Each structure stands twice: as structure tokens, then as C-alpha cells.
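Beneath this line is the structure, given in C-alpha cells, with notes to follow.
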2 protein chains.
Amino acid sequence: MAVRAARTGRPSIHDVASHAGVSAATVSKVMHGVTTVKPDNVRKVYAAVETLGYRADPLASDLRRAKRRIIGAIVPEFESEFFGSMITELERSAEQRGYTLVATSSRESQDRELELIQRMQDWRVAGVILAPVRDEHGPAARFMRENDMTGVLIDRVLADDSFDTVSADSASASAGVAAALVEKGHRHVLVIGLGEQAATVRARLDGFKAAAIELAPDMVTDIILSESDVGPLRGALHDYFSKGSRPTAVYSLFAKGTLVALSEFRRRGWRCPEDISLVGFDDAEWMQVTWPTIAAVVQPVHSIAEQAMDVLFGRIAGYGGKPVASLPKCQILMRESVGAPRHGPRAGEDS
Amino acid sequence: MAVRAARTGRPSIHDVASHAGVSAATVSKVMHGVTTVKPDNVRKVYAAVETLGYRADPLASDLRRAKRRIIGAIVPEFESEFFGSMITELERSAEQRGYTLVATSSRESQDRELELIQRMQDWRVAGVILAPVRDEHGPAARFMRENDMTGVLIDRVLADDSFDTVSADSASASAGVAAALVEKGHRHVLVIGLGEQAATVRARLDGFKAAAIELAPDMVTDIILSESDVGPLRGALHDYFSKGSRPTAVYSLFAKGTLVALSEFRRRGWRCPEDISLVGFDDAEWMQVTWPTIAAVVQPVHSIAEQAMDVLFGRIAGYGGKPVASLPKCQILMRESVGAPRHGPRAGEDS
DNA sequence: TTGAAAGCGCTAACAA
DNA sequence: TTGTTAGCGCTTTCAA
């Protein structure tokens, strides 16, 4: 009796069957807890499983059932704390339900985003969590629509009428930032963002402007949106200050922007918050240990992941209601980098 | 003629076959570029593929070939820049060779590490890149050995005689740090690390001590190793300073330690580098934009990933030589957080 | 309560 | 040059 299959070197369900003196079908039943198997056979099967070290091949099993217990995830990058913890949470949640998460990175490329969603489709994943590069109208989302894929859109998205969406309530977070800045006395704020992230930029910008105007009608809001990449933003920001613009605070709509702003301040010898205040989207561990500590909008990563998976598995189970749009709230951590505006020239400036 | 398969809703190879008026085998041949197919049939198959939007199911294909074009990766966490870029690089490299990377996180747990490697085995992946929680003797590596899995160990590992290993040359990097600190005039350095990461801690520590003693025989090296977690380290570090120890520099052997050190300095009102110098393993984007900029050892992420994948695919291709141990070099960025030791009491200290 | 048979989507051997 | 046949490892009727 061959104890091991010839090809893979691992015992198959047939090896277990012959070892236990039953059929493969019976083994399958035992493995799935079907109760109509004679107790004696159940025992024999378990014994065989034990001695052979048998473990089912989930992919072969999925093939037959025509339903893969795999959830695909596509995020714009792996390098940030935000998406890193997002993947961690999604993975945990998927595994809790007996699924495996296959996480991929679009590396901020819409072309790659499309390739990835196609691969997910090729893999016949049960569902997809897509964090698009730009917004809910990107190529991947379109592909999902055209191919009736089941999935949920997260992060850089607004409400959509084909898919459920979950994203931080950027608008209200921005309103909170505006309120905090106004309260400190700021009346001239520079907002920087990435135009590429169409969905969220709009919400964050509108939320800020609306609240600012309401709370301080004399508020001046400058805006720098870099279309494609972070590089141009760096230049635009430098030009902006070089032309003499002197906002008392900068609000960055995305994580890298906060770094770009800090870098520009450093270049000019400006200190936070003495010379200029700074607050940005996305918290990071380092922000609470540096000098100064950096004020940040904390996105509810856990809630986003949890809610996204909840509705995704609802859809997988066949729920057919209209798409829902969730907007879990952010938290604002006003740290040292935000102070009252100073009067008079900054460090390194002539009168 | 049924254009779509009943079960998955997607056309199968048989749909293409009947649509093109050939057999499934012929379609398969065309898809694989076999040249013994009549040009006319090639054209017909392509046409059918086009109109049906056919794409092969890679998992079904792999099942039959008894070889999955999947590489599994297990890293301790997704949240750090280091492992984030590592996954990005591994993914890129795997895809270049026509494989899909399935990345998972052990969340710094050895139990989970074992479960994950078992799942990789269940999935019959072609190979595994394992970044163990602790070292090359962990449960996952043992499982790989016992089950003849093909894989490569990276990061927190030393040379191994079952598996190829790739990790940054921690010892020489630490020697470089020692040299730089000695050169600045430091003669009392505190080194902090995580005992849990047995493999790298040893190399980094030994490298530092050896070089320090050689370059400055009067060097005093204090060491705090927190066994399990970062939490205890925080306490130990606080106690250490509270007891009056006054090194002029701190060298952190791991990324989080750098944050813990900064946090402790902040708590005491000490400034870098005026009151104490700081240098740590692992660079991060924020380190070059904060005040002060933080000195760091930059690990060669790209090289590690590239070399690991090179040797992994060599093994997959059947190469049977003895395991190799690669040690790509680190780069040391000595930034503002490292200065000459000051004389006299620090800020906030009596006498 | 069981197992033979069929088949998920694909590929590989072989005969024609 | 092609199609038939026989599976990969598993599940699922369905007849016994």
C-alpha cells in the first residue's frame, strides 16, 4: 500500500482512505463533521489522518466547490503604517472566518491596480477589498463592476452605487482641524494634498473650508494640490513660500505631505510651532516622540477593516441590498506642532 | 452552445474549445505557445479567447501540474517601513518570474508563525521566504526542515545548515556605529535590544563590542535587552537612567527601540545631541525631516529581497548545493542626533 | 451508512 | 497536427 502520493510527496485523501479501510468520500465526510458516519469509521479515519499527517489541500477543495475561501486585498502601498495595519486587520478578520487573505500592492499605479484585480478574478477569489489609488472610478473598480465581482471599496472613496464603501470621515475630521486651528487664532492656513487621490482630497478640502469659513469668515485658505506625485509638491511648496506667502499653519491632507512640509520648514530653518504650525492626516508612532510632537488626524483603521469585512462577507453570503457607505469617525490629536500664530518675522527672515 | 460555464459564471477552457471548434487540449497548447498547432487553429482559438474573455484559472492549472506558482512569505509584522518595503520587493521579484506572492504576518508570534508555515504547506507553495520572529531555530524553520519544504530564511537569522539565509551584515554595521561613536569621543554607550530576536541581537552586539574595545579600550558598554516585548524595555530604560547611569550615547539595535529611547529622552527633557546622542537600526522617512534628524543604520532591503529570491528560485529549479549565507552590507547615516559628548550636567539635572 | 462515479478547470501522454 | 483519455486532490450526488 502506497502511503504517500507519488506527485506531491504528501498524503492525499485516498491515502488516508485506504489506510483507514474506507472510501475517500467517507474521509471527506469525517473531515467535514458529517454525522452520518459510523463512529468506528470516524475513529479509524482520525487514526489514519494522525499517522499519515494528512492535511487537506484547500485549493483542490475549493476547486471542486467552485468557491475559493480566499479574499483578495489591493492597497496602494505596503510601506506606510496606515496600510500596514490595514492589511494586518484585514488578514485577522478574514482568517477569523476561515478565509485566507491574499494581499497585494498596486504601488500607486492604476495600471497595476487593473492587473491585480484581473488576477484576483483569475483566482476566483470569493471577494475583494480594494483600496484604489485614486477613487471609486478607477480601472479596478470599473473592472469589478463590469465583471460582477463582489467586493468593497475602502479609504480613497466616496459613496458608490455599485459597491459598498468604507472610509474615514475625512470631512468631519477636516472640520475638526479647522475648528482647532481657528480656536488657536490661525487665520491663514495652507492646505496641501495630492490631486491624484481625488475622492478623499475633495472631502477633506471641502470639510476644512466649510468649517473654516463658518467659524472665521476672515480665514484665508491657500491650497496646493500636486497632481501626480509627491515630488512636484515639494517644488510647489518651496515656490509658494519663496514668493512670500506666510500662512501661520499648514494642514497636510495625506501622510507624506506632512513629511514634505517638515522638510521644507527644516530647509528654511523654521521651527514648529514657533514659526509655523503643522497638522496632518495619518498618525505615526514617531510623531509622539519627536520634537515637537506632531499633531495628527488618526484614522480608525480597525473600524474601517472590520466594517469592510462585515459587509463583504454579507455580500458573499448573498445579501443583495443597496450599497452602503460607512464613514467611521477619525480622532484628532492636537500635539505640540500646533500653537498660536506668532507675530513678527520668522527665523531667518529679513524684517 | 453554452458560452459560459454553469458553476463559476466564467468561460472555461472547454467553452473556448467548442467555440473555436477544437479540443480543450489544443486550446491549452495555444495558450502555452506550443508551436505544433496549425496556424489557422491558433487564430481561431485566439478569436474565441477574445470574444469570450477567457482567462485560465491558474489554481486549476497548478493543481494539474502538481506545482503551484505561488511563493509564500511570512514576516513578523506589516506595520514597519522595513517589512513593508521587503514585501514590496519580494512581490515584485516573484511576479517577475511568473509567480504570485502570498504575504502573511506572524504578528511577532511564534505560535502563529508555525500555523502560517503549515498553511503554506497545505497550499503546496513552491517556496517560502521566512523572516522568523526570533531566529533560524524557531518553530516554523523546524517545521520546514522536518517537511522538506524549500525556502529561504531572512533577516533575523544567522547561517543555517538546512536553509539558505540572507540578512543584513549586522556585525559590520555595528562595528561601523562603534567606530563613528568612538571617533566623536564617546566612551560610555548604552546598547538596547530585544532578546527575543536572538539571531540578530547577538551579531549586532558582538560586532559593536568587538569594534569598540579595539578602537577605544576604555569604552564602557552598558546593555539592556528586553526579553519579550517593547513594554518592559521602556521600564528598564527608565530605571537605568533613574539609577544615575549617564552614557553619552544610545545605540538601539532595532527600530522600535529608537522610538523608546527618544520617548525616554523627551520624558527627561533631554535633547539630542546636546544631552545625549542617538543612533539606531533601521532608517525611516521621518528621520531625515525631524529635529534633530536621526542617525540610522540603513538595511539593504532591496539586496536582501533580491538575493533571497535568487537563491529560492535556484532551489525551486532543483539546485542542490550546500546552503549559502548572504550578508549584504548596511549603510550608516550619521545625522544630527549624534554629536560629541557634552561635559557637565544635562538639562533638568541637579548639580 | 457507505462508496462508486462524476467532475471542478486544467494539462500531459499518447494514439491516431 | 489533433483529440481522446486519464488524471491533479478534492467534494458531491446517488444508488445500494
Side-chain angles (χ1 to χ4, degrees), chain A residues 2 4-45 48-49 52-70 121-126, chain B residues 2 4-45 48-49 52-70 121-126:
Chain A
R4 304 197 148 257
R7 298 172 66 93
T8 63
R10 291 197 56 183
S12 82
I13 197 167
H14 288 104
D15 299 314
V16 176
S18 61
H19 198 272
V22 297
S23 74
T26 302
V27 175
S28 178
K29 284 169 192 151
V30 172
M31 299 304 281
H32 290 85
V34 173
T35 54
T36 60
V37 180
K38 212 179 356 173
D40 192 47
N41 281 334
V42 172
R43 221 172 304 116
K44 280 196 276 189
V45 167
V49 164
L52 296 183
Y54 171 73
R55 299 193 120 222
D57 179 338
L59 264 23
S61 156
D62 282 1
L63 178 63
R64 175 59 231 241
R65 304 154 74 129
K67 191 75 185 173
R68 275 162 216 184
R69 283 158 299 185
I70 299 175
Q121 160 90 316
D122 293 345
W123 275 48
R124 273 79 164 167
V125 300
Chain B
R4 307 198 143 257
R7 298 171 67 94
T8 63
R10 292 197 55 185
S12 82
I13 199 168
H14 288 103
D15 298 314
V16 176
S18 63
H19 198 273
V22 298
S23 76
T26 302
V27 175
S28 179
K29 283 169 193 152
V30 171
M31 299 305 280
H32 288 75
V34 173
T35 53
T36 61
V37 180
K38 205 170 15 162
D40 192 49
N41 280 334
V42 172
R43 222 170 304 119
K44 279 196 276 189
V45 167
V49 164
L52 296 182
Y54 171 73
R55 300 192 118 223
D57 179 337
L59 265 23
S61 159
D62 282 1
L63 178 62
R64 174 59 230 246
R65 300 151 70 125
K67 193 77 188 170
R68 270 156 223 189
R69 282 158 300 184
I70 299 175
Q121 161 90 316
D122 293 345
W123 275 48
R124 273 76 164 168
V125 300

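Computed from a predicted model, the values in this text were never measured in an experiment. Letters go in sequence order (proteins before strands), and every chain restarts at 1.
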Self-check item: Length of the line joining B/Leu63:CG and C/dA12:P, which is rounded to integer Å
Solution: 12 Å
Quiz prompt | N/O (side chain, B/Ser23) to phosphate O (OP1/OP2, D/dG3) under 4.0 Å | solution = yes
Quiz item: Residues from residues 29-39 of chain A sitting under 4.0 Å of DNA chain C, heavy atoms only?
Solution: A/Lys29, A/Thr36, A/Val37, A/Lys38
Quiz item: Counting side-chain heavy atoms from CB outward, which of D/dC8, C/dA12, C/dC8 is closest to A/Arg64?
Solution: C/dC8
Quiz item: OP1 or OP2 of D/dT11 less than 4.0 angstrom from a side-chain nitrogen or oxygen of A/Ser28, does that happen here?
Solution: yes
Exercise. Measure the distance from NZ on B/Lys67 to P on C/dA12 and round it to the nearest whole Å.
Key: 14 Å
Quiz item: With respect to the side chain of A/Asp57, which nucleotide from D/dT12, C/dC10, D/dC10 is positioned closest?
Solution: D/dC10
Practice problem: Give the rounded distance in Å between these two atoms: NZ of A/Lys44 and P of C/dT1. | Solution: 15 Å
Exercise. Using side chain to side chain donor-acceptor pair (under 3.5 Å) as the criterion, list what pairs up with B/Ser28, not counting sequence neighbours.
Key: none
Exercise. Measure from CG on B/Asp62 to C1' on C/dC10 and round the result to the nearest Å.
Key: 10 Å
Quiz item: Under the side-chain contact (heavy atoms from CB on, under 4.5 Å) test, which residues partner A/Ala126, sequence neighbours left out?
Solution: A/Lys67, A/Ile71, A/Tyr99, A/Ile316
Self-check item: Pairwise 5' ranking along DNA chain D for B/Thr26 and A/Arg69, keeping only the more 5' one
Solution: B/Thr26
Quiz item: How long is the gap from OG on B/Ser61 to CG on A/Asp122, to the nearest 0.5 Å?
Solution: 11.0 Å
Quiz item: Under 3.5 Å, is there a donor-acceptor pair between the side chain of B/Arg124 and the main chain of B/Arg68?
Solution: no
Quiz item: With nearest nucleotides of DNA chain C determined for A/Val22 and B/His14 from heavy-atom distances, which residue corresponds to the more 5′ nucleotide?
Solution: A/Val22
Quiz item: What is the distance from CH2 of A/Trp123 to C1' of C/dG9, rounded to the nearest Å?
Solution: 15 Å
Quiz item: Between A/Asp15 (CG) and D/dC10 (P), how many Å, whole number?
Solution: 9 Å
Practice problem: Could you list all the salt bridge (Lys or Arg N to Asp or Glu O under 4.0 Å) pairs where at least one residue sits in residues 26-42 of chain A, not counting sequence neighbours? | Solution: A/Asp40-A/Arg43
Self-check item: Listed nucleotide nearest any side-chain atom of A/Ser12, set C/dG3, D/dC10, C/dG9
Solution: D/dC10
Self-check item: All salt bridge (charged side-chain N to carboxylate O under 4.0 Å, His left out) counterparts of A/Asp62, not counting sequence neighbours
Solution: A/Arg69
Quiz item: Who passes side-chain contact (heavy atoms from CB on, under 4.5 Å) against B/Ala48, sequence neighbours left out?
Solution: B/Val16, B/His19, B/Ala20
Quiz item: Just to confirm, is there a sub-4.0 Å distance from OP1 or OP2 of D/dG9 to any side-chain nitrogen or oxygen of A/Ser61?
Solution: no
Quiz item: Under 4.0 angstrom, heavy atoms only, what part of the nucleic acid is A/Ala17 near: base, sugar-phosphate, or nothing?
Solution: nothing
Practice problem: Starting from P on D/dG9, measure out to CZ on A/Arg10 and report it in whole angstrom. | Solution: 11 Å
Quiz item: To the nearest Å, how far apart are B/Ile13 CD1 and C/dA12 C1'?
Solution: 12 Å
